[in-house]
**Q** 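Sending over a structure as structure tokens; questions will come in a sec.
Both ligands and their constituent atoms are indexed starting at 1 by order of listing.
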Amino acid sequence: MPDQYAVIGNPVAHSQSPLIHAEFARQTGQDLVYGRLLAPRDAFAATANAFRAGGGRGLNVTLPFKGEAFRYAAFLSERASAAQAVNTLKFERGVIFGDNTDGVGLVGDLTRNLAFAVNGQRVLLLGAGGAARGVVGPLLEQQPAQFVLANRTLDKAQHLALSFGGALEAGTYAALAGRQFDLVINATSASLAGELPPLPPGVFARGALAYDMMYGKGETPFLAFARGAGAALLADGLGMLVEQAAESFLVWRGVRPDSASVLQQLRQTRDA
Ligand code: NDP
């Protein structure tokens, strides 16, 4: 029987992860199956436990469970520990290991696929949920000139900034008025609901890249807004999705798949 993996979340039907991991498995000759696992909002641990009991070897974790997955894991990688959020669970010899590949995925997409150097740039990150937590450490490692985090619920942003020793500035959306950034990353789940974070239009500096972690067919509300507000470059989260998946695959299987060819295939299928 092939090894079993899945993406767990709520909602999860939109996830492209099963397609990506099936292609990685084909490419690398690994014997595995990868599905979608919808967990009730109040039953993450019970759903993950049932998957493990059925022989499951690993899970990708998507919203809103990255914080719960962090508490669920018995052992953590350094990057998951710093993020206090887990997007990759590995089950091996009765041990639950938690990792976070979101940040490596985002930075890989920015620097390799989009050829955008974060170093020395003014960076604005929107949102303070599980996805935002995962990317703060790897973005800080790129040494941006400024790093600001804005969130609807201010104390969540402040808490996140504090957990990284105050290395980034936390604030509200209203406090962004009059400021400009070279890279604006939407790590909120607003696009999923067809909504837009309350962003002042002047935040995009000349030549700015607007990056929405959300991906799908058509432009997200955030990217449509960014286009209208003068952002020079627009990117959705499909590249990050493929890059974080490749890193999770490496964690589980010890082999790194070729992410660039899979990203190209997904973009072709989507845009066809
Ligand atoms: P969480 O549920 O953990 O966090 C949601 C965040 O969005 C919170 O900060 C919340 O603010 C904010 N938010 C929700 N609605 C609005 C709104 N209308 N206006 C402003 N802020 C809002 O979700 P995750 O962090 O796990 O995921 C966030 C997004 O990132 C999702 O769309 C997910 O699909 C995407 N993602 C993509 C990845 C990829 O590989 N491309 C990887 C990981 C995530 P508040 O705190 O005030 O409630």
Side-chain angles (χ1 to χ4, degrees), residues 7-21 36 39 41 44 59-71 79-80 83-88 99-110 113-114 124-136 138-139 149-161 170-176 184-200 203 210-216 220-223 225 235-249 259 262-263 266-267 270:
V7 53
I8 183 169
N10 187 335
V12 80
H14 67 284
S15 175
Q16 300 268 2
S17 293
L19 296 176
I20 295 169
H21 283 280
R36 291 185 183 86
R41 294 224 164 207
F44 169 77
L59 289 168
N60 276 136
V61 183
T62 188
L63 87 169
F65 297 127
K66 289 180 184 183
E68 276 192 72
F70 168 73
R71 294 184 285 278
R79 56 197 178 185
Q84 296 176 23
V86 158
N87 81 331
T88 304
D99 201 347
N100 194 313
T101 66
D102 279 339
V104 175
L106 173 67
V107 170
D109 191 35
L110 287 169
N113 301 333
L114 300 167
L124 170 61
L125 179 63
L126 311 175
R133 286 199 151 276
V135 302
V136 167
L139 282 172
L149 175 71
N151 194 46
R152 197 171 51 176
T153 312
L154 178 61
D155 65 343
K156 270 170 77 178
Q158 288 170 329
H159 187 256
L160 206 169
T172 60
Y173 286 98
L176 297 172
V184 181
I185 302 167
N186 182 19
T188 74
S189 54
S191 292
L192 261 185
E195 293 168 0
L196 185 67
L199 202 55
V203 292
Y211 191 103
D212 198 339
M213 286 195 190
M214 173 77 184
Y215 56 89
T220 66
F222 169 73
L223 292 181
F225 172 81
D236 72 6
L238 196 61
M240 172 178 173
L241 180 79
V242 175
E243 297 299 338
Q244 62 79 31
E247 187 78 9
S248 295
F249 197 90
S259 49
V262 176
L263 178 58
L266 282 176
R267 287 212 193 284
R270 187 187 58 179

**Q** Specify the closest pair of heavy atoms between Pro197 and Ala190, including all atoms of both residues, with the distance to one decimal.
**A**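 What the structure gives for the nearest pair is CD-CB, 4.0 Å.
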
**Q** Do any N/O atoms on Leu238 end up under 3.5 angstrom from N/O atoms on ligand 1?
**A**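 No.
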
**Q** Where is the nearest protein heavy atom to atom 4 (O) of ligand 1: which residue, which atom, and how far?
**A**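 For atom 4 (O) of ligand 1, the nearest protein heavy atom is Gly129 CA, 3.4 Å.
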
**Q** Kindly confirm or rule out an N or O of Ala128 lying under 3.5 angstrom from an N or O of ligand 1.
**A**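 Min N/O separation from ligand 1 is below 3.5 Å for Ala128.
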
**Q** Looking at side-chain heavy atoms only, is the closest gap between Asn100 and Arg133 below 4.5 Å?
**A**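 Contact flag for Asn100/Arg133 side chains = no.
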
**Q** Which heavy atom of the protein is the closest neighbour of atom 11 (O) of ligand 1, given with residue, atom name and distance?
**A**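 Closest protein heavy atom to atom 11 (O) of ligand 1: Asn151 OD1, 3.3 Å.
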
**Q** Taking heavy atoms and a distance under 4.0 Å, where does Ala187 meet ligand 1: side chain, backbone, both or neither?
**A**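 It is the backbone that touches ligand 1; the side chain stays farther off.
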
**Q** Please list the nearest protein heavy atom to atom 46 (O) of ligand 1 with its residue and the distance rounded to 0.1 Å.
**A**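 Scanning the protein heavy atoms, the shortest distance from atom 46 (O) of ligand 1 goes to Lys156 NZ, 2.7 Å.
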
**Q** For ligand 1 and Ala131, I'd like to know whether there is a polar contact (N/O to N/O, distance under 3.5 Å).
**A**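 Yes, Ala131 has an N/O under 3.5 Å of an N/O on ligand 1.
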
**Q** Quick check: Ser189 and ligand 1, any N/O pair under 3.5 Å apart?
**A**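 Among all N and O atoms of Ser189, at least one is under 3.5 Å from an N or O of ligand 1.
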
**Q** Less than 4.5 Å apart, any side-chain heavy atom of Leu110 and any of Leu139?
**A**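 They are in contact (side-chain heavy atoms under 4.5 Å apart), so the answer is yes.
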
**Q** Would you indicate whether the side-chain heavy atoms of Ile185 and Met213 approach each other to under 4.5 Å?
**A**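 Yes - at least one pair of side-chain heavy atoms lies under 4.5 Å apart.
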
**Q** Please tabulate, one pair per line, all N/O donor-acceptor pairs under 3.5 Å involving side-chain atoms of residues 59-66, not counting sequence neighbours.
**A**
residue, atom, partner, partner atom, Å
Asn60, OD1, His21, NE2, 3.3
Asn60, OD1, Tyr34, OH, 2.6
Asn60, ND2, Asn87, O, 3.2
Asn60, ND2, Ser248, OG, 3.1
Lys66, NZ, Asp102, OD2, 2.7

**Q** Side chains of Leu238 and Arg267, heavy atoms from C-beta outward: is any pair under 4.5 Å?
**A**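 A side-chain contact exists here, since the closest heavy-atom pair is under 4.5 Å.
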
**Q** Under 4.0 Å from a heavy atom of Gly237: give me the atoms of ligand 1 that qualify, with their elements.
**A**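 With Gly237 as reference, the close atoms of ligand 1 come out as 39 (C), 41 (N).
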
**Q** Nearest 0.5 Å please: distance from the OH atom of Tyr215 over to the OG atom of Ser15.
**A**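 Going from OH on Tyr215 over to OG on Ser15, the span is 4.5 Å.
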
**Q** Of the protein's non-hydrogen atoms, which lies at the shortest distance from atom 29 (C) of ligand 1, and what is that distance?
**A**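 Of every protein heavy atom, Thr188 O, 3.3 Å lies nearest to atom 29 (C) of ligand 1.
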
**Q** Flag atom 33 (C) of ligand 1 as yes if some protein heavy-atom distance to it falls below 4.0 Å, otherwise no.
**A**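 Flag for atom 33 (C) of ligand 1 set to false, no protein heavy atom closer than 4.0 Å.
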
**Q** Looking at atom 35 (C) of ligand 1, what's its closest protein heavy atom, distance included?
**A**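 For atom 35 (C) of ligand 1, the nearest protein heavy atom comes out as Met213 CB, 4.0 Å.
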
**Q** Do Leu160 and Asn151 come close enough that some side-chain heavy atom pair is under 4.5 Å?
**A**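 Leu160 vs Asn151: side chains apart.
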
**Q** Using a 4.0 Å heavy-atom threshold (strictly under), name the region of Leu241 that reaches ligand 1: side chain, backbone, both or neither.
**A**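 Both of them.
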
**Q** Under 3.5 Å between some N or O of ligand 1 and some N or O of Ala132?
**A**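 Min N/O separation from ligand 1 is not below 3.5 Å for Ala132.
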
**Q** Quick one: are Thr188 and Phe222 in side-chain contact, heavy atoms under 4.5 Å?
**A**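 No; the side chains remain at least 4.5 Å from each other.
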
**Q** Closest non-hydrogen protein atom to atom 26 (O) of ligand 1, residue and atom name please, with distance?
**A**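 Of every protein heavy atom, Leu63 CB, 3.3 Å lies nearest to atom 26 (O) of ligand 1.
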
**Q** Measuring from atom 45 (P) of ligand 1, which candidate in Leu126, Thr220, Thr153 has the nearest non-hydrogen atom?
**A**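 Shortest heavy-atom distance from atom 45 (P) of ligand 1: Thr153.
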
**Q** Is there a nitrogen or oxygen of Met214 sitting under 3.5 Å from a nitrogen or oxygen of ligand 1?
**A**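 No: no nitrogen or oxygen of Met214 is under 3.5 Å from one in ligand 1.
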
**Q** Which protein heavy atom lies closest to atom 3 (O) of ligand 1, and at what distance to 0.1 Å?
**A**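 The closest one turns out to be Gly130 N, 3.0 Å.
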
**Q** Can you find an N or O of His14 that's nearer than 3.5 Å to an N or O of ligand 1?
**A**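 No, no N or O pair falls under 3.5 Å.
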
**Q** Closest heavy-atom contact between Met240 and Tyr211?
**A**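 Distance-wise, the nearest heavy atoms are CB-OH, 3.1 Å.
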
**Q** Can you name the closest pair of heavy atoms from Glu243 and Gly105 and give their distance?
**A**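 Nearest heavy atoms, Glu243 then Gly105: CB-O, 3.4 Å.
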
**Q** Just to be sure I'm reading this right: ignoring hydrogens, which of Arg152, Lys66, Arg133 gets closest to atom 16 (C) of ligand 1? Compare them by their nearest heavy atoms.
**A**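 Shortest heavy-atom distance from atom 16 (C) of ligand 1: Arg152.
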
**Q** The criterion is salt bridge (charged side-chain N to carboxylate O under 4.0 Å, His left out); which residues satisfy it with Arg79, sequence neighbours excluded?
**A**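 Testing Arg79 for salt bridge (charged side-chain N to carboxylate O under 4.0 Å, His left out), a comparison that skips the adjacent residues, returns Asp99, Glu247.
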
**Q** Do any N or O atoms from the side chain of Arg41 and from the backbone of Asn10 form a donor-acceptor pair under 3.5 angstrom?
**A**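 Confirmed, Arg41 side chain pairs with Asn10 backbone.
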
**Q** Closer than 4.0 Å to some heavy atom of Gly127 - which atoms of ligand 1 meet that?
**A**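 Heavy-atom distances to Gly127 below 4.0 Å select 9 (O).
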
**Q** Applying side chain to side chain contact (heavy atoms under 4.5 Å, CB included) between Thr101 and each of Leu106, Thr88, Val86, report the one that passes.
**A**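 Option passing the side chain to side chain contact (heavy atoms under 4.5 Å, CB included) with Thr101: Thr88.
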
**Q** Judging by distance only, is a nitrogen or oxygen of Glu195 under 3.5 angstrom from one on ligand 1?
**A**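 The answer is yes, given that Glu195 and ligand 1 share an N or O pair closer than 3.5 Å.
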
**Q** Please work out, at 4.0 Å between heavy atoms, whether the side chain, the backbone, both, or neither of Asp102 comes within that distance of ligand 1.
**A**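 For Asp102, only side-chain atoms sit under 4.0 Å from ligand 1.
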
